Amino acid sequence: MGVLASEHPKCMTELGGGETILSRQLRLLAEAGIKDVVMTTGYCHEVLEGYCRSLGLPVRVTCVNNPDYASTNYIYSIYCARGYLRDDDILLLHGDMVFETHVLDAVLAGAGSCMAVSSTKPLPEKDFKAVMSGGRIRKIGVDFFRDALAAQPLYKLKKADWAVWLDAVCSYCESGRRSCYAEDAFNEVSDRCEIRGLDVKDKLCAEVDMPEDLAAVSEELRRVNSRIVYMCFSADILHGGHIAIIKKAARLGRLVIGVLSDEAVASYKRFPLIPCEERKALVGSIAGVAEVVEQKTLSYADMLRQLRPAYVVHGDNWRGGFQKPIRDEVISVLAEYGGELVEFPYSADKKYEELDKMGRQQLAMPDYRRGRLKKLLSMKGLVTAIEAHSGITGLIAEKTTVLKDGRTFQFDAIWSSSLCDSTAKGKPDIELVDMTSRLRTVDDIMEVTTKPIIFDGDTGGLTEHFVYTVRTLERMGVSMVIIEDKTGLKKNSLFGTEVEQTQDSVEDFCAKIAAGKRAQKTKDFMICARIESLILERGMDDALTRARAYVGAGADAVMIHSRKKDPAEIFEFLRRFREEDGVTPVVVVPTTFNTVTEEEFKARGANVVIYANQLTRAGFPAMQNAARLILENHRAKECDDICMPIRDIITLIPEE
Ligand code: SPV
Ligand code: MG
């Protein structure tokens with residue numbers, strides 16, 4: 001090494017960034033959780049000992065001096081240190097080695113003994129090569145060229161394998177063979193000492209022998225330290241598991257963390273407890289995090305193509321379950337440019353599960369739940385709601401999740417339908433099921449769900465009664481009440497003009513809306529005015545006039561209803577309403593005009609799509625069928641196939 005090591009041991013050669021080969025080695029070892037280091041010394045051993053102490057790293061370094069360093073090789077240094085080396089698995093490396101973290105992690109991660117080899121680097125003329133067969137190392141030395149790979153003296157050795165090698169080292173040294181390589185002793189016992197080759201390919205793992213090695217290694221280190229490492233998570237609840245993975249990821253390069261947007265979190269988990277901007281700030285303050293970005297989808301694809309990180313880091317918990325397709329996509333995008341996925345064991349954290357449960361309970365509380373519909377509207381532009389009329393249908397609305405094209409889909413909200421609530425009670429949808437009973441259903445749903453609730457308030461009843469309904473719903477944590485502009489005996493809108501139905505006057509209905517708005521106590525609660533003009537065939541102009549008037553009276557949203565299969569009149573309303581009002585949310589209930597997709601509704605200016613009765617309509621025929629099958633067969637066996645297994649019911653229903 002010439003001048004590089006003329007005044008200090010070679011391992012104290014500077015690498016740049018204020019580190020020497022040795023200080024970097026010790027730092028990486030400490031970060032990898034290694035507590036004890038035995039260092040054999042020779043030249044300037046006191047300097048070295050003092051230097052190690054001065055580093056103040058959390059590793060205990062025991063220095064063992066080889067007094068005959070000038071006339072022996074490190075086989076004898078190992079011999080001198082043998083008393084410290086028998087108790088455990090060991091990591092064995094030369095003091096002039098520079099390697100990247102990822103190499104060290106891989107060496108440490110394997111179950112058995114291993115040595116770093118490279119299948120891609122050319123065979124060095126003068127350095128170590130390993131002769132391999134069946135993945136196992138048979139010989140190590142500088143003179144082996146056949147069936148050999150470039151090899152570096154970085155080993156992890158299981159205690160049993162190391163005992164065999166160390167015994168061979170001892171018998172070499174005791175018989176006077178002290179100036180050869182320790183590997184010569186290994187070569188004699190390699191059939192009893194199982195060391196496998198760990199292919200580090202082109203990763204940085206090199207000895208620094210010559211000044212030109214140093215220049216190359218320093219350059220490579222700069223590249224390694226500046227390459228991007230990417231991790232993404234919701235960061236809604238941070239726990240020790242996250243910090244441990246962040247720490248490991250930061251060792252691989254420049255750590256960029258993607259924090260999932262509010263919408264992405266809500267799509268797969270639950271509504272985030274903390275808004276994205278705050279979660280980003282929180283993550284940005286963690287040591288080791290170089291940059292924080294917002295990832296807007298569960299899919300990593302766009303972010304990876306933009307950042308082109310060398311590594312994506314994740315816990316290994318996403319190999320199955322709903323995250324598996326996301327992982328598969330990450331692997332295929334990384335393959336586009338040669339990036340790599342690094343997975344660390346994920347430890348399910350009991351504390352985290354507890355916190356998550358508490359978070360969910362929090363979300364179910366009235367003040368948290370009520371405001372969430374408005375938040376979702378501003379976040380997503382279009383929200384979906386599905387009908388529920390009981391605790392169990394509420395759970396289906398809450399928990400049903402579909403993963404498609406790397407995205408997760410859930411309903412945003414729950415619709416408490418007068419039609420379905422009445423039907424569940426075997427009653428007609430004519431405001432016969434009284435408010436006490438309707439609120440009881442809402443309470444049943446609320447008890448087992450966290451999603452925002454939109455309440456079908458029918459006509460709202462008398463204005464004097466409606467104001468009480470508003471306050472009660474608001475207090476319970478309902479997000480929106482929809483009242484329709486009908487009066488007298490209300491019939492279900494889907495009857496249209498087949499039954500007698502009376503539309504309220506614009507003035508009276510506006511007065512009802514205004515009274516409701518005055519009665520409400522929070523700014524979160526929404527009153528939506530439902531326009532029945534198209535149902536009652538009063539024409540588009542009437543619908544638009546009423547929409548305008550209702551918004552003027554304080555309505556937070558309007559609902560336009562139709563019972564036509566053809567969505568044309570709904571589309572026309574949306575177009576004309578949006579020409580004059582770009583902000584008031586519009587609700588649609590596509591029971592009859594059911595071919596229109598949510599994307600199309602959104603594009604045409606709708607904001608809430610309510611699937612108003614599908615669970616009821618799907619459930620009751622199945623029940624009728626089961627009843628019929630039992631009656632026909634005088635036993636239950638034949639209907640078993642159409643029944644949900646009891647086990648599945650149990651998993652659907654949470655136990656406290
Ligand atoms: C309900 O679900 O009760 C509704 C929507 O009000 S509809 O049945 O289409 O009128
Ligand atoms: Mg209704």
Side-chain angles (χ1 to χ4, degrees), residues 383-390 393-394 396-397 411 413-435 437-439 441-442 445 452-461 466 469 473 478-504 509 512 526-538 543 546 555 557-567 569-570 573 586-596 601 606 608-620:
V383 304
T384 59
I386 185 138
E387 169 264 315
H389 54 270
S390 59
T393 48
I396 290 170
F411 294 103
I414 297 170
W415 166 241
S416 169
S417 150
S418 69
L419 173 69
C420 299
D421 202 1
S422 307
T423 305
K425 292 172 171 58
K427 301 251 169 74
D429 181 20
I430 52 171
E431 295 186 277
L432 172 63
V433 177
D434 67 19
M435 196 52 77
S437 175
R438 294 285 316 280
L439 297 178
T441 304
V442 171
I445 295 168
I453 293 178
I454 304 174
F455 184 78
D456 177 356
D458 287 319
T459 63
F466 180 56
T469 307
L473 291 172
V478 168
S479 303
M480 179 194 269
V481 62
I482 301 185
I483 49 169
E484 55 197 273
D485 55 1
K486 287 200 296 231
T487 187
L489 180 62
K490 187 218 86 156
K491 302 273 175 63
N492 185 275
S493 299
L494 300 175
F495 284 123
T497 49
E498 290 159 29
V499 293
E500 205 176 306
Q501 309 210 53
T502 318
Q503 197 169 18
D504 205 351
F509 199 64
K512 197 183 279 186
M526 299 172 82
I527 296 179
C528 172
R530 166 168 164 178
I531 301 154
E532 293 286 295
S533 306
L534 303 181
I535 294 280
L536 301 173
E537 296 174 7
R538 299 280 157 78
R546 284 172 177 269
V558 293
M559 170 179 154
I560 184 66
H561 207 14
S562 161
R563 65 181 194 123
K564 298 213 166 115
K565 256 183 135 28
D566 183 347
E569 62 180 11
I570 290 286
F573 176 90
V586 179
V587 181
V588 290
V589 179
T591 303
T592 50
F593 44 99
N594 53 18
T595 54
V596 186
F601 277 127
V608 181
V609 172
I610 297 178
Y611 298 100
N613 46 45
Q614 284 75 9
L615 295 191
T616 291
R617 285 165 56 215
F620 294 137

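FYI, side chains are in, hydrogens and waters are out, and symmetry mates aren't considered; it's all heavy atoms of this structure. Being a predicted model, the structure only gives us computed values, none of them experimental. First listed ligand is number 1; within each ligand, the first listed atom is number 1. The chain is numbered in sequence order, starting from 1.
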| message | If only side-chain N and O atoms count, and only distance matters, is there a donor-acceptor pair under 3.5 Å linking K425 with T441? | response | yes

| remark: Note: S562 and T592 closest approach over all heavy atoms is O-OG1, 3.5 Å

| For S418 and K490, which heavy atoms make the closest approach, and how far apart are they? | OG-NZ, 3.4 Å

Taking 4.0 angstrom as the limit and counting only heavy atoms of [X], give me the atoms of ligand 1 inside it, by number and element.
X    : answer
S493 : 10 (O)
A612 : 2 (O)
W415 : 1 (C), 2 (O), 4 (C)

Using a 4.0 Å heavy-atom cut-off, say whether [X] meets ligand 1 through its side chain, its backbone, both or neither.
X    : answer
L494 : side chain
K491 : neither
L419 : both
D458 : neither

Does an N or O from [X], backbone or side chain, lie closer than 3.5 Å to an N or O of ligand 1?
X    : value
C420 : no
N492 : yes
E484 : no

| task | Go through the steps to decide whether S416 and D456 satisfy the test side-chain hydrogen bond (donor to acceptor under 3.5 Å, both in side chains), and finish with yes or no. | result | CA-CA 6 Å; S416 169; D456 177 356; over 6 Å; no

| query | With a cut-off of 2.8 Å, does any N, O or S atom of N492 fall short of it relative to the Mg ion (ligand 2)? | reply | no

| request: Report yes or no: does E484 have an N/O/S atom closer than 2.8 Å to the Mg ion (ligand 2)? | output: no

| request: Decide yes or no for F573 and V588: does some side-chain heavy atom of the first lie under 4.5 Å from some side-chain heavy atom of the second? | output: no

| Taking side chain as C-beta onward, heavy atoms only, is T497 less than 4.5 Å from R563? | yes

| said: Checking R438 against S422 for the side-chain hydrogen bond (donor to acceptor under 3.5 Å, both in side chains) test, could you report, in this order, the C-alpha distance in whole Å, the side-chain angles of both residues, the deciding distance, and whether it holds? | reply: CA-CA 9 Å; R438 294 285 316 280; S422 307; over 6 Å; no

Provide, to 0.1 Å, the distance between [atom] and the closest protein heavy atom, together with that atom's residue and name.
atom                    : result
atom 4 (C) of ligand 1  : D456 OD2, 3.4 Å
atom 2 (O) of ligand 1  : S417 OG, 2.7 Å
atom 10 (O) of ligand 1 : R530 NH2, 2.8 Å
atom 7 (S) of ligand 1  : H561 NE2, 3.7 Å

| Side chain E532, main chain E484, donor-acceptor under 3.5 Å | no

| For the residue pair F620 and H389, does the interplanar ring angle fall in the parallel (under 30°), tilted (30 to 60°) or perpendicular (over 60°) class? | tilted

| request: Would you mind telling me which of N613, T423, N492 makes a side-chain hydrogen bond (donor to acceptor under 3.5 Å, both in side chains) with D429? | output: N492

| task | With rounding to the nearest 0.5 Å, note down the distance linking NZ in K491 to OG1 in T502. | result | 9.0 Å

| task | Considering just N/O/S atoms, say which atom of D456 is closest to the Mg ion (ligand 2). | result | OD2

